[in-house]
Amino acid sequence: MMQSHKKQPKAAQELEELRHRMRHSASHMLADAVLRMFPDARLGIGPPTEDGFYYDFDVPRPFTPEDLESLEADMRQAAASDIPFEHSEVGRGEALELFSLQPYKLEVIQDIPAEETITTYRHGVFVDLCAGPHVESTGRVGAFKLLSIAGAYWRGDERRPMLQRIYGTAWESQEALDDFLHRLEEAQRRDHRKLGRELDLYSVSDEVGPGLIIWHPKGALIRSIIEDHWRAQHLRRSYNLVYSPHMGRSRLWETSGHLGFYRENMYDAMEVEGQEYFIKPMNCPFHIQVYRSSKRSYRELPLRYAELGTVYRYERTGVLHGLMRVRGFTQDDAHIFCRPDQVEAEVVGVLDFTFDLLRTYGFEEYDIYLATRPEKAVGEPEQWEFATASLRHAIEGLGLEYVVDEGGGAFYGPKVDIKIRDALGRAWQCTTVQFDFNLPERFDLGFVGADGHEHRPYMVHRALLGSLERFLGVLIEHYGGAFPVWLAPVQAVVITIADRHLEYATKVTSRLEEAGIRAHLDGRNERMNLKIREAQLQKVPYMLVVGDREAQDGTVALRLRSGENPGPTPLAAVISRLQEDIAARK
RNA sequence: GCCACCGUAGCUCAGUGGCAGAGCAGCGGUUUCGUAAACCGCAGGUCGUGGGUUCGAAUCCCUCCGGUGGCUCCA
C-alpha cells in the first residue's frame with residue numbers, strides 16, 4: 001500500500017479526477033469495441049493510468065496496428081452516439097451470474113471483500129464490473145487515441161496467461177491531447193539511445209554482448225568529470241575512498257548470503273585452481289573487509305567507505321534498456337558503519353548530500369519513498385522500528401514530502417529510495433539509502449564501546465547517483481544532449497572561414513586550451529555553414545568563428561548553441577565567460 | 001524469460017518471389033566561401049545467423065542471435 005504525503009491544489013486535483021473518469025470511460029468503450037470485433041473475447045481489467053488507460057484482453061489472435069485503427073473508429077462512433085453510462089449495484093450472486101462467461105471477471109469478483117458492494121457500469125449493451133467513476137456519457141470522454149499493443153500477464157504474474165493489452169490515452173481537450181502527443185515526440189527526440197549514438201557517447205556491441213556499455217571518448221569524458229566531482233564531494237564530506245576487486249571467492253559470497261538470496265542475479269562461478277570465484281553483483285562484502293581489517297573502537301565511528309564500484313548482475317534479456325538497465329554497471333556506492341546514536345545524523349547527512357549533488361545537475365523534483373519492513377525479514381523488530389524512525393525523522397526534519405511504501409523494504413532493512421523523472425515522465429530510481437541488519441551479523445562485525453564491551457555497528461548502504469550508466473542516461477535525456485558547459489565534452493569549437501585563417505585559429509585554440517577549456521579546431525576545408533551546422537548538431541555550447549576581420553582585430557565571432565549570435569568579441573572576454581560558466585557548473 | 005513487432009552499407013531508410021538501391025557519413029578531386037548541408041566523382045552489403053520450401057529467396061516457413069514497446073524484476 002502506498003500512502004501519499006503529497007498535497008495538490010484543488011483545481012489540479014479536480015482536473016486529475018476528470019481525466020481519471022474520462023480514461024476509465026474510454027477503456028470501457030475500448031472493451032465494447034473489442035467485443036464487437038471478437039464476441040468471444042475475455043476481458044481482463046481496464047484501469048486509467050497516469051497518462052491514459054489500458055485494457056487487457058484474451059483474444060483468439062493478437063491485435064494488429066490496423067485493429068487499433070478500426071477499434072478507435074468504433075470508439076469514435078460510440079462517442080458520437082453519446083450513450084449514457086449507467087451505474088448500478090448488484091448482489092454478489094447476481095454479479096457471478098452476469099459475468100459467468102468472463103472467467104477473469106469472476107476471479108476479480110471473488111477477490112472483492114464480502115462487505116464491499118459490487119457495482120457495474122453499463123453503456124449501451126456493454127456492462128463492466130467497475131467501481132467507477134465515469135463521465136456521464138460516451139460523448140464526454142474528451143479527445144482520445146489508442147497508442148500501442150503489448151503483452152501483459154494476467155495479474156502481472158508470469159505463471160498466468162499472457163493477455164493482449166491495448167494502451168490508449170484520453171484528455172479533456174484536443175489541445176491537451178496534442179500536448180501529450182507532442183511530449184511523447186519530444187521524449188523520442190531526447191531518447192538517450194538516439195542521442196548516445198548521434199553525439200558519439202557510447203555504444204553496445206553485439207560482439208561484446210547485450211547490456212554491456214562501451215564508453216566512447218566523449219561519453220567517457222563526461223563520465224570522468226562526474227566521477228571527479230563525485231570524489232571531491234565525498235572527500236569534503238569525510239568519506240574514505242576505497243577500491244575493491246571485481247571478483248571474490250565463493251566463501252565470501254556464502255558468508256554474505258548472496259549465494260543464498262541473490263544467486264539468480266549472479267553470473268555462474270568460474271573455477272581458479274580448484275576454487276570457485278564469482279564476479280561481484282555488489283560491493284558490500286569488500287567494504288566489510290576494510291572494516292574488519294582491524295579492531296574498531298567507538299571513537300573512530302562513523303566510518304564511511306565509498307567506491308565507484310563496478311558490478312555485474314544477470315538481467316533477463318527483455319528488461320535491458322540502453323543505459324537505464326544494463327548488466328554491467330558502476331555504482332556510486334558507499335557503506336557507512338556507525339553507532340546507534342549516530343544513525344539519524346548519518347541519514348540526514350546522506351540526504352543532504354544527495355540533494356546537494358543532484359541539484360548540481362539541475363534536478364529539483366524528486367519522488368521520495370520510505371520502504372518499511374516486509375513480511376519476511378531479518379533483524380529484531382526494535383531494530384526495524386528504530387531504523388525506520390530514523391529514516392522518517394531525517395526526511396521530515398528536512399521538510400520533504402514522501403510516500404510510505406508499506407512492506408517495500410529489503411529483507412535486511414528499511415530504505416529510502418529517491419526517484420528522478422526523465423523526459424518520458426518515467427521515474428528512474430537513482431538514490432537509495434538502505435539499512436542492513438543482515439551483513440553485520442553474518443560477518444560478525446563489532447566495535448569496542450566506551451563500556452569496553454563488543455557492540456554491533458549499524459550499517460547503511462547508499463548510492464546517490466545510483467549507477468553511473470543509468471545516471472548518464474537520465475542526464476542525456478534531462479539535458480536533451482545539450483550538456484552544460486562544465487560537462488560538455490567539447491566546450492568550444494573554433495571555426496575557420498577559409499584556409500588562410502588556419503594560423504590565427506590555431507593560436508586561438510591553443511589560448512583556449514591553455515586556459516583549461518576543452519576546445520576543438522575545425523579547420524577543415526569546408527564551408528563555414530557546414531561547420532556551424534555540425535557544431536550545432538553536436539550541441540557544442542560555444543562556436544568561435546574566425547575570418548579576416550577577427551584575425552586582424554584579435555577577436556572571435558561568438559555564436560552560441562542557443563542560436564544567439566553576440567558577434568565579434570575579444571578572445572579574452574570569451575575565455576573568462578567560459579571559465580565563469582565552468583566554475584558555476586553551468 | 002514471456003507477448004507483439006522489427007533486423008537491408010557506419011547512420012536513416014526504400015525494395016514483399018526474378019540482376020541489391022537512395023540520402024547522409026567515408027575516400028579522391030574542384031572550390032577558399034561570413035553564421036544550420038558547395039559541386040563532381042569513387043568506393044562501400046554473404047540483405048542478423050543457421051536451416052527449409054522453390055527452377056529461383058532480402059522477400060515465404062522454422063531455429064537461434066540482437067533490438068523496440070510492454071509484462072515480471074530492478075541501480
Side-chain angles (χ1 to χ4, degrees), chain A residues 54 56 61-65 67 147-167 188 191 193-194 197-198 200 203-211 262 264-265 281-283 309 311 313-333 410 417-419 424 428-432 434 461-471 473-474 495-502 524-538 543-550 557-561 563-568:
Chain A
Y54 66 81
D56 289 341
R61 62 158 177 86
F63 292 109
T64 64
D67 290 338
L147 298 172
S148 60
I149 308 154
Y153 297 109
W154 170 238
R155 303 211 141 173
D157 185 337
E158 62 190 2
R159 290 162 306 192
R160 309 293 304 269
M162 178 155 287
L163 308 181
Q164 295 294 311
R165 175 172 297 180
I166 295 179
Y167 281 94
Q188 275 174 18
D191 190 311
R193 294 164 300 179
K194 181 173 134 76
R197 188 174 46 246
E198 288 171 1
D200 199 15
S203 62
V204 284
S205 150
D206 217 357
E207 266 177 289
V208 174
Y262 205 70
E264 68 279 11
N265 288 295
M282 291 188 192
N283 302 301
V311 298
R313 297 182 187 172
Y314 169 70
E315 298 284 357
R316 307 208 272 184
T317 51
V319 308
L320 299 173
H321 179 89
L323 293 172
M324 301 300 198
R325 192 75 183 273
V326 294
R327 284 181 171 161
F329 56 99
T330 301
Q331 292 182 303
D332 68 316
D333 211 356
D417 287 334
I418 300 176
K419 296 183 179 185
L424 284 158
W428 286 104
Q429 185 179 328
C430 291
T431 309
T432 180
Q434 312 190 348
H461 307 251
R462 49 112 280 197
L464 307 185
L465 307 178
S467 91
L468 285 163
E469 284 74 10
R470 176 177 294 180
F471 189 69
V474 173
I495 294 170
T496 51
I497 291 178
D499 288 352
R500 64 177 178 279
H501 308 122
L502 253 178
R524 290 175 301 163
N525 173 17
E526 292 288 353
R527 291 181 65 222
M528 178 202 61
N529 287 302
L530 178 84
K531 296 194 257 190
I532 286 179
R533 175 181 155 80
E534 288 185 355
Q536 202 66 58
L537 291 173
Q538 287 295 305
M543 283 159 261
L544 281 49
V545 179
V546 299
D548 291 332
R549 295 198 293 270
E550 290 75 19
L558 187 58
R559 180 193 163 104
L560 309 180
R561 67 180 161 200
E564 269 176 275
N565 201 346

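Since this is a predicted model, take the numbers as computed values, not measurements. Just so you know, these numbers use all the heavy atoms, side chains as well, and skip hydrogens, waters and symmetry mates. In the text below, chain A, chain B and the rest are named by the order of the sequence lines, each starting its count at 1.
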Sub-3.5 Å pairs of nitrogen or oxygen atoms, protein against nucleotides 43-48 of chain B:
none

For nucleotides 4-6 of chain B, print each protein N/O atom paired with a nucleotide N/O atom at under 3.5 Å, atom names and distance only.
none

(request) Check the chi torsion on B/U63 and let me know: syn if it falls within 90° of 0, anti if not. (result) anti
(message) For B/G7, give the paired nucleotide (Watson-Crick: N1-N3 plus N6-O4 or O6-N4; G-U: N1-O2 and O6-N3; both under 3.5 Å), or none.
(response) B/C65
(message) List the residues meeting salt bridge (Lys or Arg N to Asp or Glu O under 4.0 Å) with A/Asp333, not counting sequence neighbours, and say none if there are none.
(response) none
(message) A/Arg165: which residues meet the salt bridge (Lys or Arg N to Asp or Glu O under 4.0 Å) condition with it, sequence neighbours left out?
(response) A/Asp56
(message) Could you tell me the Watson-Crick or G-U partner of B/G44, where both distances fall under 3.5 Å? Say none if there is no partner.
(response) none
Output a table of nitrogen or oxygen pairs between the protein and nucleotides 72-75 of chain B separated by less than 3.5 Å.
{"from": "B/U72", "atom 1": "O2", "to": "A/Arg316", "atom 2": "NH2", "distance (Å)": "3.2"}
{"from": "B/C73", "atom 1": "O2", "to": "A/Arg325", "atom 2": "NH1", "distance (Å)": "3.1"}
{"from": "B/C73", "atom 1": "O2", "to": "A/Arg325", "atom 2": "NH2", "distance (Å)": "2.2"}
{"from": "B/C73", "atom 1": "N3", "to": "A/Arg325", "atom 2": "NH1", "distance (Å)": "2.9"}
{"from": "B/C74", "atom 1": "O2", "to": "A/Arg325", "atom 2": "NH1", "distance (Å)": "3.4"}
{"from": "B/C74", "atom 1": "O2", "to": "A/Arg470", "atom 2": "NH2", "distance (Å)": "3.3"}
{"from": "B/A75", "atom 1": "O3'", "to": "A/Gln429", "atom 2": "O", "distance (Å)": "3.2"}
{"from": "B/A75", "atom 1": "O3'", "to": "A/Gln429", "atom 2": "NE2", "distance (Å)": "3.1"}
{"from": "B/A75", "atom 1": "O2'", "to": "A/Gln429", "atom 2": "O", "distance (Å)": "3.2"}
{"from": "B/A75", "atom 1": "N6", "to": "A/Glu315", "atom 2": "OE2", "distance (Å)": "3.1"}
{"from": "B/A75", "atom 1": "N6", "to": "A/Val326", "atom 2": "O", "distance (Å)": "2.9"}
{"from": "B/A75", "atom 1": "N1", "to": "A/Val326", "atom 2": "N", "distance (Å)": "3.3"}
{"from": "B/A75", "atom 1": "N3", "to": "A/Ser467", "atom 2": "OG", "distance (Å)": "3.3"}

(request) Specify the residue among A/Glu526 and A/Arg165 whose closest nucleotide of RNA chain B lies further upstream toward the 5′ end. (result) A/Glu526
(request) Please identify each residue that fulfils side chain to side chain contact (heavy atoms under 4.5 Å, CB included) with A/Glu534, with sequence neighbours left out. (result) A/Arg524, A/Leu530
(message) Suppose we screen for side chain to side chain contact (heavy atoms under 4.5 Å, CB included). Which residues come up paired with A/Gln538, at least two apart in sequence or across chains?
(response) A/Leu199, A/Lys218, A/Val540
(message) Going by side chain to side chain contact (heavy atoms under 4.5 Å, CB included), name the residues that satisfy it together with A/Asp499, two or more places apart in sequence or in a different chain.
(response) A/Asn525
(message) Check the phosphate of B/G69 against A/His321, side-chain N and O only, distance under 4.0 Å to OP1 or OP2. Yes or no?
(response) yes
(request) Spell out yes or no: do the side chain of A/Asp499 and the base of B/U32 have one donor N/O and one acceptor N/O closer than 3.5 Å? (result) yes
(message) Suppose we screen for ring-ring contact (aromatic ring centres under 6.0 Å, His included). Which residues come up paired with A/Tyr54, at least two apart in sequence or across chains?
(response) A/Tyr167
(request) Mind checking salt bridge (Lys or Arg N to Asp or Glu O under 4.0 Å) for A/Glu198 and listing every partner two or more places apart, or none if nothing turns up? (result) A/Lys194
(request) Hunt down the Watson-Crick or G-U wobble partner of B/U35, both distances under 3.5 Å, from any strand shown, or write none. (result) none
(request) Starting at atom CG of A/Asp56, determine the distance to atom C1' of B/C2, rounded to an integer number of angstrom. (result) 14 Å
Atom pairs, N/O to N/O, protein against nucleotides 11-13 of chain B, distance under 3.5 Å?
{"from": "B/C11", "atom 1": "O3'", "to": "A/Arg197", "atom 2": "NE", "distance (Å)": "3.4"}
{"from": "B/U12", "atom 1": "OP1", "to": "A/Arg197", "atom 2": "NH2", "distance (Å)": "3.0"}

(message) B/A38, OP1 or OP2 - any side-chain N/O from A/Arg527 closer than 4.0 Å?
(response) yes
(request) Tell which nucleotide pairs with B/A14, taking only Watson-Crick or G-U wobble pairs whose two distances are both under 3.5 angstrom. (result) none
(message) Please tell me if A/Thr317 has a side-chain N or O lying less than 4.0 Å from either OP1 or OP2 of B/G1.
(response) yes
(request) Please give the nucleotide sitting opposite B/U54 as a Watson-Crick or G-U wobble pair, both distances under 3.5 Å, or none. (result) none
(message) Which residues pass the salt bridge (Lys or Arg N to Asp or Glu O under 4.0 Å) test with A/Asp206, not counting sequence neighbours?
(response) none
(message) So for A/Glu264 and B/G1, does any side-chain atom that can act as donor or acceptor lie under 3.5 Å from a complementary atom in the base?
(response) no
